[in-house]
2 protein chains.
Amino acid sequence: MPRIVDHEERRAEIVLALWLVIAEHGIEGVSLRQVAAAAGVSMGRIQHYFGTKEALVLAGCNALVDNAYAGYQETADATPRDRLLHVVSQQIPENDAGRIGVSVWYAYVAKSINHPAVRQVLAEARRGAEDECARLIRAGRSDQGAGDEADGGACDPAALEQARRLLALADGLTLRVLVGDLEPAEALATLQAEVDHV
Amino acid sequence: MPRIVDHEERRAEIVLALWLVIAEHGIEGVSLRQVAAAAGVSMGRIQHYFGTKEALVLAGCNALVDNAYAGYQETADATPRDRLLHVVSQQIPENDAGRIGVSVWYAYVAKSINHPAVRQVLAEARRGAEDECARLIRAGRSDQGAGDEADGGACDPAALEQARRLLALADGLTLRVLVGDLEPAEALATLQAEVDHV
DNA sequence: CCTGTTACGATGCGATCGTATTGCTAAACG
DNA sequence: CGTTTAGCAATACGATCGCATCGTAACAGG
């Protein structure tokens with residue numbers, strides 16, 4: 001049989017180029033030729049690994065949420081409060097790399113409005129993040145508050161609403177930082193105050 | 001001279017068709033032909049009134065913020081608290097018309113990331129909304145709290161940060177409702193609680 | 001009535017798009 | 001040492017794009 005290459009690595013290279021194109025020209029600026037040029041490969045290669053533009057864009061979306069999840073799992077041995085702060089403030093861009101990542105993320109968010117497949121991927125990720133945040137909030141409470149340990153699922157809805165509030169606030173602040181209306185430090189300070197207030 | 005038509009009315013018709021196309025296919029689905037078909041007019045007409053696709057899209061953005069501002073001014077004789085609630089929750093979609101409006105708004109938000117002209121329009125609108133919210137917050141405080149009336153611009157930054165928090169939270173909640181993760185009633189309840197808490 | 005200008009509709013053009021197709025090349029296997 | 005097949009590069013193709021251009025119909029002013 002013929003020569004074998006690392007399939008996943010090739011795909012990752014192309015997806016990275018896709019993200020660069022999205023960050024620079026938005027999702028409407030994505031064409032196979034542009035991505036191929038950014039990756040320094042031929043159009044044929046992209047077709048070989050993704051088949052269709054639609055599949056490429058969707059793969060880029062999945063890779064994005066996989067990346068975020070991997071980043072979260074690296075905080076496995078931190079305190080619940082710190083992990084919560086990480087989830088909530090990870091998307092605040094602090095450098096150029098962060099700006100690229102979050103601008104790509106927002107591009108997908110906008111696309112999800114009219115694109116069911118993208119919407120499903122993002123909705124699943126969002127639900128996962130909310131559940132995880134709710135868990136962290138409960139864990140943080142039972143850490144310090146030594147009063148009532150008898151809760152198992154009773155205060156669940158309250159914690160989940162708190163999680164939703166936190167994540168929604170983070171989304172809104174992220175957008176302002178991304179557009180340049182807000183300094184990253186201010187957004188982080190607001191989020192930190194909110195996390196500590198919970 | 002030749003026949004005279006209502007310039008603004010023609011433009012408004014075309015902009016409305018533009019919004020419909022954006023709401024249905026996203027901003028990447030906008031083409032002069034699509035908008036012309038949605039408006040039931042010829043491409044030539046759009047070219048006549050807007051010249052360029054770029055100008056059309058930008059006009060649609062300006063019309064959007066003008067609309068929102070007009071809606072706000074209709075609440076001129078309400079209490080500060082109610083006006084604040086209006087500004088913050090106006091974008092939560094409650095019916096299909098609202099969904100169209102807010103999905104168009106989010107499409108522009110995403111475009112603003114890579115498009116300086118759109119960004120400037122939205123940034124200006126956002127700053128106006130924040131200032132107005134800060135004013136309403138101060139007004140609401142001096143209404144009930146009869147203690148310290150000696151503030152003029154001293155508690156300004158605090159009120160402005162509160163305004164930013166509120167609007168960012170509203171953006172995040174709006175997005176969740178738009179994508180279908182959250183019921184409009186839940187988002188409104190969260191926002192109302194937050195407004196009353198201020 | 002004539003004329004000049006606005007308000008378009010219709011059409012053409014070059015560029016770019018996604019995708020299907022073709023064919024070569026390098027390497028694993030018998 | 002073929003033979004086979006994955007891994008591409010190259011290109012062709014039809015569709016669609018924004019925009020420029022051209023032609024015409026309607027109508028206000030002289």
Side-chain angles (χ1 to χ4, degrees), chain A residues 1-61 107-108 110-111 114-118, chain B residues 1-61 107-108 110-111 114-118:
Chain A
M1 295 206 174
R3 71 181 196 269
I4 299 291
V5 302
D6 188 334
H7 221 82
E8 282 313 308
E9 186 183 327
R10 296 275 196 230
R11 287 173 63 99
E13 289 171 5
I14 295 172
V15 164
L16 190 68
L18 168 70
W19 289 345
L20 290 179
V21 173
I22 293 179
E24 194 166 357
H25 302 103
I27 263 203
E28 28 181 353
V30 171
S31 76
L32 294 190
R33 290 162 227 268
Q34 291 266 347
V35 175
V41 303
S42 75
M43 264 177 56
R45 184 122 119 200
I46 300 183
Q47 286 190 273
H48 180 69
Y49 283 103
F50 295 95
T52 242
K53 176 190 177 180
E54 175 85 7
L56 169 65
V57 170
L58 204 57
C61 184
Y108 276 112
K111 190 173 184 62
N114 311 102
H115 196 299
V118 172
Chain B
M1 296 209 176
R3 69 180 196 269
I4 298 291
V5 302
D6 187 334
H7 223 81
E8 282 313 308
E9 184 182 329
R10 297 273 195 231
R11 286 174 65 97
E13 289 170 6
I14 295 173
V15 163
L16 190 69
L18 168 71
W19 289 345
L20 290 179
V21 172
I22 293 179
E24 194 166 358
H25 302 103
I27 262 202
E28 29 182 352
V30 171
S31 76
L32 294 189
R33 289 163 228 268
Q34 291 266 348
V35 175
V41 303
S42 77
M43 261 178 57
R45 183 122 119 201
I46 300 182
Q47 287 189 270
H48 180 67
Y49 282 104
F50 294 94
T52 245
K53 177 189 174 181
E54 175 84 8
L56 169 64
V57 170
L58 204 57
C61 183
Y108 276 112
K111 190 171 186 62
N114 311 103
H115 196 300
V118 172

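Order of the sequence lines sets the chain letters (A, B, ...), proteins ahead of strands, with each chain counted from 1.
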Review item, side-chain donor-acceptor pairs of residues 15-41 of chain A, under 3.5 Å, at least two apart:
unit_1, atom_1, unit_2, atom_2, d
A:Trp19, NE1, A:Gly60, O, 3.3
A:Glu28, OE2, B:Lys111, NZ, 2.5
A:Ser31, OG, A:Gln34, N, 3.1

(request) Tell me whether the OP1 or OP2 atom of D:dG18 has a side-chain N or O from B:Thr52 closer than 4.0 Å. (result)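 It does not, given that no N or O in the side chain of B:Thr52 lies less than 4.0 Å from OP1 or OP2 of D:dG18.
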(request) Figure out the CG/C1' separation between B:Asp6 and C:dA7, and round it to whole Å. (result) 14 Å
(request) Whole angstrom is fine here: how far is it from CG in A:Leu56 over to P in C:dC17? (result) 14 Å
(request) Would you sort out whether B:Phe50 and B:Val57 count as a side chain to side chain contact (heavy atoms under 4.5 Å, CB included), showing the intermediate values? (result) CA-CA 9 Å; B:Phe50 294 94; B:Val57 170; over 6 Å; no
(message) To the closest 0.5 Å, what do you measure between CE (A:Met43) and CD1 (A:Ile46)?
(response) 8.0 Å
Where along [range] does a heavy atom come under 4.0 Å from DNA chain D, residue by residue in number order?
range	result
residues 36-50 of chain B	B:Met43, B:Gln47
residues 15-26 of chain B	none
residues 27-35 of chain B	B:Val30, B:Ser31, B:Leu32, B:Arg33

(message) Strictly by salt bridge (charged side-chain N to carboxylate O under 4.0 Å, His left out), give each pair with a member in residues 13-23 of chain B just once, sequence neighbours left out.
(response) none
(request) Just compare C:dC8, C:dT19, C:dA7 and give me whichever is closest to any side-chain atom of B:Arg10. (result)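 In terms of side-chain proximity for B:Arg10, the closest of C:dC8, C:dT19, C:dA7 is C:dC8.
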(message) Quick test of your reading: applying side chain to side chain donor-acceptor pair (under 3.5 Å), list the pairs with at least one residue in residues 40-50 of chain A, sequence neighbours left out, ordered by first then second residue.
(response) none
